[in-house]
Amino acid sequence: LRAPLEALATWLEASGTRQPPGLLAWLPTLPYLLRRSPFVAAFDVVGMARQLLASMAESLTPTQLVQLVAATFGETAALELQGGASKKNSEWQSIFGMLAVEIAMCDPSITRMSDFISEDIAGKHPDLILAAVPLCPPGEPRTALFEGILRHRLAASARVR
């Protein structure tokens with residue numbers, strides 16, 4: 001299950017000079033696979049989510065982002081990104097960030113989920129806080145999100161959503 005994340009890291013280390021590996025097409029299916037795995041406790045799920053967030057923190061050129069979107073979500077999404085008709089670069093990076101949140105929410109440990117939300121999302125990526133609320137289970141993880149909303153003064157924005 002780590003293979004798509006490792007392929008992404010390897011591609012980014014090579015400065016994205018070649019086409020991204022086809023293995024990246026599996027990234028969107030990771031939460032589905034993790035939720036259905038009887039061995040999910042054996043994986044470092046939050047570590048996988050952190051690895052994806054760290055990869056997205058890399059400064060991708062517009063060409064690299066188009067290549068990454070094409071490899072992950074298909075050519076149609078990449079053509080929309082290239083033509084500017086759909087989402088902006090920051091929106092695509094948010095989509096990858098939300099994928100990382102969705103992966104972290106598959107961790108069987110509520111404590112690790114909460115730590116991920118408070119340290120990585122609220123602490124380093126506050127732009128993902130509001131979008132993460134529907135993905136968080138009730139309890140500690142959602143409380144950590146609401147604390148992040150208060151800390152970053154996003155309550156007015158939260159009401160609009």
Side-chain angles (χ1 to χ4, degrees), residues 1-137 141 144-145:
L1 290 174
R2 294 188 68 82
L5 296 167
E6 290 168 359
L8 175 61
T10 302
W11 179 70
L12 289 171
E13 285 173 9
S15 300
T17 53
R18 54 181 166 59
Q19 286 291 84
L23 195 55
L24 295 182
W26 285 90
L27 276 175
T29 63
L30 283 179
Y32 173 85
L33 296 171
L34 287 166
R35 281 192 290 275
R36 280 147 187 83
S37 173
F39 307 107
V40 72
F43 298 111
D44 180 11
V45 177
V46 169
M48 294 167 69
R50 284 187 172 126
Q51 185 177 358
L52 182 56
L53 273 180
S55 296
M56 290 300 95
E58 301 273 331
S59 55
L60 297 174
T61 66
T63 303
Q64 288 174 320
L65 187 59
V66 167
Q67 290 174 332
L68 180 60
V69 168
T72 308
F73 297 106
E75 292 294 326
T76 305
L79 289 173
E80 289 175 358
L81 176 61
Q82 260 181 322
S86 182
K87 298 169 176 58
K88 295 182 277 186
N89 292 1
S90 61
E91 291 174 351
W92 277 108
Q93 288 184 320
S94 291
I95 288 171
F96 283 103
M98 291 315 305
L99 182 57
V101 171
E102 199 172 348
I103 289 169
M105 293 304 106
C106 296
D107 195 298
S109 168
I110 297 293
T111 303
R112 284 192 299 262
M113 276 192 254
S114 297
D115 290 346
F116 174 79
I117 292 296
S118 62
E119 294 169 13
D120 295 282
I121 300 303
K124 299 175 187 169
H125 301 280
D127 53 310
L128 298 175
I129 292 174
L130 295 177
V133 172
L135 298 175
C136 275
L145 269 179

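Because only heavy atoms are used, hydrogens play no part in the values below, and waters and symmetry mates are left out as well, while side chains stay in. Quick caveat, the model's predicted, so the values are computed rather than measured.
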Carefully, step by step, assess M113 and I110 under the rule side chain to side chain contact (heavy atoms under 4.5 Å, CB included).
CA-CA 5 Å; M113 276 192 254; I110 297 293; 3.6 Å; yes
So which heavy atom on [X] is nearest to which on [Y], and how close?
{"X": "F43", "Y": "S37", "result": "CE1-OG, 3.9 Å"}
{"X": "S55", "Y": "L8", "result": "CB-CD2, 3.6 Å"}
{"X": "M48", "Y": "L1", "result": "CE-O, 3.6 Å"}
{"X": "G97", "Y": "L128", "result": "CA-CD1, 3.8 Å"}
{"X": "P137", "Y": "M105", "result": "CD-SD, 3.6 Å"}
{"X": "A71", "Y": "P21", "result": "CB-O, 4.1 Å"}

Apply side chain to side chain contact (heavy atoms under 4.5 Å, CB included) to the pair W11 and Q19, showing each step before the final yes or no.
CA-CA 8 Å; W11 179 70; Q19 286 291 84; 5.9 Å; no
V46 side chain reached by D115 side chain, heavy atoms, under 4.5 Å
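Contact flag for D115/V46 side chains = no.
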Test of understanding: with ring pair (Phe, Tyr, Trp, His ring centres under 6.0 Å), list the residues that count as partners of F96, not counting sequence neighbours.
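Scan of F96 (ring pair (Phe, Tyr, Trp, His ring centres under 6.0 Å), adjacent residues dropped) gives F73.
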With R112, which residues qualify under salt bridge (charged side-chain N to carboxylate O under 4.0 Å, His left out), at least two apart?
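Once residues adjacent in sequence are excluded, the partners of R112 under the salt bridge (charged side-chain N to carboxylate O under 4.0 Å, His left out) criterion are D107.
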Separation between [atom1] of [X] and [atom2] of [Y], rounded to the nearest 0.5 Å:
{"X": "E6", "Y": "L23", "atom1": "CD", "atom2": "CG", "value": "9.0 Å"}
{"X": "Q93", "Y": "L65", "atom1": "CD", "atom2": "CG", "value": "6.0 Å"}
{"X": "I117", "Y": "H125", "atom1": "CD1", "atom2": "NE2", "value": "11.5 Å"}
{"X": "I121", "Y": "D127", "atom1": "CD1", "atom2": "CG", "value": "8.5 Å"}
{"X": "I103", "Y": "L135", "atom1": "CD1", "atom2": "CG", "value": "11.5 Å"}
{"X": "L145", "Y": "S114", "atom1": "CG", "atom2": "OG", "value": "9.0 Å"}

Evaluate the criterion side chain to side chain contact (heavy atoms under 4.5 Å, CB included) for residue pair L30 and L5; output intermediate values, then yes/no.
CA-CA 10 Å; L30 283 179; L5 296 167; 4.2 Å; yes
Could you pull out all residues at least two apart from E102 that satisfy side chain to side chain donor-acceptor pair (under 3.5 Å)?
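So E102 forms no side chain to side chain donor-acceptor pair (under 3.5 Å) with any residue.
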Under the criterion side chain to side chain contact (heavy atoms under 4.5 Å, CB included), I'd like the reasoning laid out for L68 against L12: C-alpha separation, chi angles, the key distance, then a yes or no.
CA-CA 10 Å; L68 180 60; L12 289 171; 5.9 Å; no
